[in-house]
Trainee: 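Next up is a structure, given as structure tokens.
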Amino acid sequence: MSGTHLYRASGLVLASEIALPGLIPIESADEPDARIAEGNVPSALDAVLATGPTWQRGAKDFLLEIPDIARFYLSGGRTIVFERAAGVADRDVAIFLAGNVFGILLHQRCNIVLHASTIVVGGKAVLFCGASGAGKSTLAAALGERGYPLLTDDQAAIRLDDAGRPTVQPDGRCLRLWERSIDALGLDDRRGEAMRAGLEKFFVDPLRSEADPIQIGAIYFLMQERPPHRAGIEPANLVEAAQLLVANAYRPMLIRRMGQREAYFRMGATIASDAGLFFLTRPFRFDAMDETIAGLERHWAEIGLADPGLISEARRPQPA
Amino acid sequence: MRPTVWLASYPKSGNTWFRIVLANLDSPDAAPADINALNGSDTIASARARFDNHLLIESGLLTFAEIDLLRPGLYRHLAADIFEDPFERESRYPVRFVKTHDAYTLTNAGEAMMGGAHAAAGAILFVRDPRDVAASLANHQSVTIDKAIGLMADPAFAFCGSVRGLEIQLRQQLLGWSAFAESWLAQADIPVHLVRYEDLHRDPVGAVRGALHFAGWRATDADIAEAVGRASIEELQRQEAKTGFGEAPPYREPGSRFFRRGKAGGWRDELTAQQVLRIERDHVAMMKRLGYEPVREQEDSDAHRQTG
């Protein structure tokens with residue numbers, strides 16, 4: 001099919017009529033898991049189970065409107081049809097398709113999707129969960145500069161592998177960083193395009209990234225150092241872990257209201273027995289980044305995620 | 001369905017103290033409520049995560065103006081939302097109180113950004129003598145008092161207004177001290193109950209009762225008095241000294257406090273005559289309207305009378 005762009009993201013092969021900047025293209029694939037096409041989008045669903053100001057949910061389909069950008073119709077977790085508003089460029093639609101709308105598709109497929117950026121440490125996936133603005137991407141980028149490969153930015157789809165172990169699917173994405181983080185981390189030379197015209201948020205190529213699913217080693221829930229929380233790393237107990245997994249789903253509201261909570265609870269228990277879940281409380285400022293990373297590396301040595309030799313190797317500054 | 005009531009204020013005007021009283025109204029035991037677990041009111045209206053979660057749109061990819069266009073719908077949706085999550089700590093409060101530092105502005109589509117009458121049953125507007133706000137805001141923002149006075153007169157001053165990074169909250173336009181109060185008082189969408197910080201001091205039970213009754217909550221004076229007692233400035237300072245206060249702005253000068261003086265009229269020994277004059281010149285009309293008598297102007301006119 002001409003004019004089709006192929007991507008592998010969060011374990012799915014995506015075939016899209018328009019290019020999706022920020023996703024890393026693949027050459028060829030078998031039958032795609034999901035297709036993205038431009039077309040007519042209904043103004044309302046036939047049978048609505050729930051509605052919000054910008055969306056409608058049916059049993060198998062979903063309608064989302066981003067005003068003045070596009071309307072999106074998601075069906076069966078397999079197709080996304082979009083209808084753009086007048087004069088909207090491909091890129092402005094694509095940016096919402098690749099993350100925002102794709103995340104809803106993953107929820108529709110009953111995937112476990114965390115709002116998390118993920119790096120690889122000693123062959124295991126290490127996730128940093130938090131809401132938008134919590135510093136996930138910035139922390140993953142800073143660790144990337146120390147040599148830790150990037151696995152996901154913003155969304156982490158979790159599946160059990162054949163041996164029943166929880167793994168993170170690579171999201172096949174570039175880092176997405178704000179000007180302030182790019183400045184502070186000195187990444188100006190790798191800054192790509194602005195995500196949207198007029199937005200100070202850019203694609204940044206990671207130094208290294210992983211293309212295969214990786215078993216989970218640890219999940220950290222990002223917290224700001226604010227009273228009464230002091231900087232440090234504390235294990236989460238099993239009850240907290242299960243609830244935190246729901247609270248850190250890509251869109252928790254959907255999980256709660258689509259009755260998917262149980263799946264997250266079960267996965268929480270599996271992850272807890274297989275890996276560790278922790279609160280990472282750190283000062284929310286760039287000049288504390290080295291300190292935070294040093295604390296993480298000590299912790300990885302403690303929990304057997306990586307041998308200290310490897311860590312000090314990774315910590316050595318990159319040649320300029 | 002529980003009514004939604006905004007707790008609207010320019011910063012440093014008693015909003016937090018009122019929320020602490022609310023938390024103490026529902027305290028299951030005699031101990032004062034933990035200042036780091038104030039669950040008597042909802043998250044602040046400008047919380048980014050709630051926008052993204054309920055609209056299913058990534059606000060980080062939108063401009064401030066685009067976000068503002070969607071906020072009215074969000075607030076109407078949340079006010080009408082009856083979904084109760086068995087795993088969430090459900091508030092037992094008869095009223096859904098939501099704090100906001102947003103001025104009552106119109107979006108580019110001409111709609112009230114706070115969502116109008118379908119987003120809230122009313123608003124409690126907290127105001128405080130701007131001469132006291134200045135010193136308190138300076139402490140809060142870690143700036144000089146002169147700079148704080150400038151911010152209070154700056155129509156463009158906003159919280160979380162940077163375009164270079166992603167803030168944990170959506171942008172909040174304050175419009176300046178006078179215009180903030182004016183925006184809430186002038187709108188005709190919802191009734192407003194005015195609470196002066198000074199009245200919370202002078203007659204805390206009466207002022208809290210007035211606000212609660214306005215919100216439709218018939219709490220008894222005895223309960224209110226007990227809650228007020230647990231929210232004394234001494235208690236708040238004790239807790240802040242012990243654990244810190246999570247809602248205080250981070251990374252201020254060592255030794256600085258959120259619960260600073262808890263005093264009305266402290267400006268008399270904190271501001272220079274020049275600073276008082278500047279504030280009064282900037283805000284004279286709204287000060288008079290809210291019952292804050294300018295002194296410098298009066299002294300000036302006294303002086304004119306004597307010389308004239």
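Proteins get letters first, then strands, A, B, ... in listed order; numbering begins at 1 in each.
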Trainee: Name the member of B:Ile168, B:Thr243, B:Ile35, B:Ile57 that forms the most heavy-atom pairs with chain A at distances under 4.5 Å.
Mentor: B:Ile57
Trainee: Tell me, for B:Gln169 versus chain A, whether the close heavy atoms (under 4.5 Å) come from the side chain, the backbone, both or neither.
Mentor: neither
Trainee: How are the rings of B:Phe159 and B:His101 set to each other: parallel, tilted or perpendicular (split at 30° and 60°)?
Mentor: perpendicular
Trainee: Under a 4.0 Å threshold between the charged nitrogen and the carboxylate oxygen, would A:Arg84 count as salt-bridged to A:Asp92?
Mentor: no
Trainee: Taking B:Leu55, B:Asn36, B:Leu56, B:Asp34 one by one, which has the highest count of heavy-atom pairs under 4.5 Å against chain A?
Mentor: B:Leu56
Trainee: Just checking, is any N or O donor in the side chain of B:Ser59 or B:Arg48 under 3.5 Å from an acceptor N or O on the other one?
Mentor: yes
Trainee: Does atom NE2 (B:His77) have a neighbourhood of more than 12 heavy atoms from anything else shown, all under 6.0 Å?
Mentor: yes
Trainee: Any idea which of A:Pro227, A:Gly135, A:Ala247 has the most non-hydrogen atom pairs under 4.5 angstrom with chain B?
Mentor: A:Pro227
Trainee: Of all of A:Gly52, A:Ser132, A:Ala134, which one pairs up most often with chain B through heavy atoms under 4.5 Å apart?
Mentor: A:Ser132
Trainee: Applying side-chain hydrogen bond (donor to acceptor under 3.5 Å, both in side chains), run through A:Ser117 and A:Asp153 and close with a yes or a no.
Mentor: CA-CA 4 Å; A:Ser117 293; A:Asp153 185 37; 2.8 Å; yes
Trainee: Would you mind checking which part of A:Arg196 comes under 4.5 Å of any heavy atom in chain B, side chain (CB onward), backbone (N, CA, C, O), both or neither?
Mentor: side chain
Trainee: For the pair A:Glu179 and A:Arg191, find out whether any cationic side-chain nitrogen is under 4.0 Å from an anionic carboxylate oxygen.
Mentor: yes
Trainee: Which answer fits B:Leu62, side chain, backbone, both or neither, if we ask what part of it has an atom under 4.5 Å from a heavy atom of chain A?
Mentor: both
Trainee: If you draw the axis of the six-membered ring of B:Phe126, does the NZ or CZ of B:Lys12 fall within 45° of it and under 6.0 Å from the ring centre?
Mentor: no
Trainee: Go through A:His229, A:Met195, A:Glu200, A:Met253 and name the one with the most non-hydrogen pairs under 4.5 angstrom from chain B.
Mentor: A:Met253
Trainee: Please classify the contact of A:Phe62 with chain B as side chain, backbone, both or neither, using a heavy-atom distance under 4.5 Å.
Mentor: side chain
Trainee: Counting only heavy atoms closer than 4.5 Å, note whether A:Leu199 contacts chain B via side chain, backbone, both or neither.
Mentor: side chain
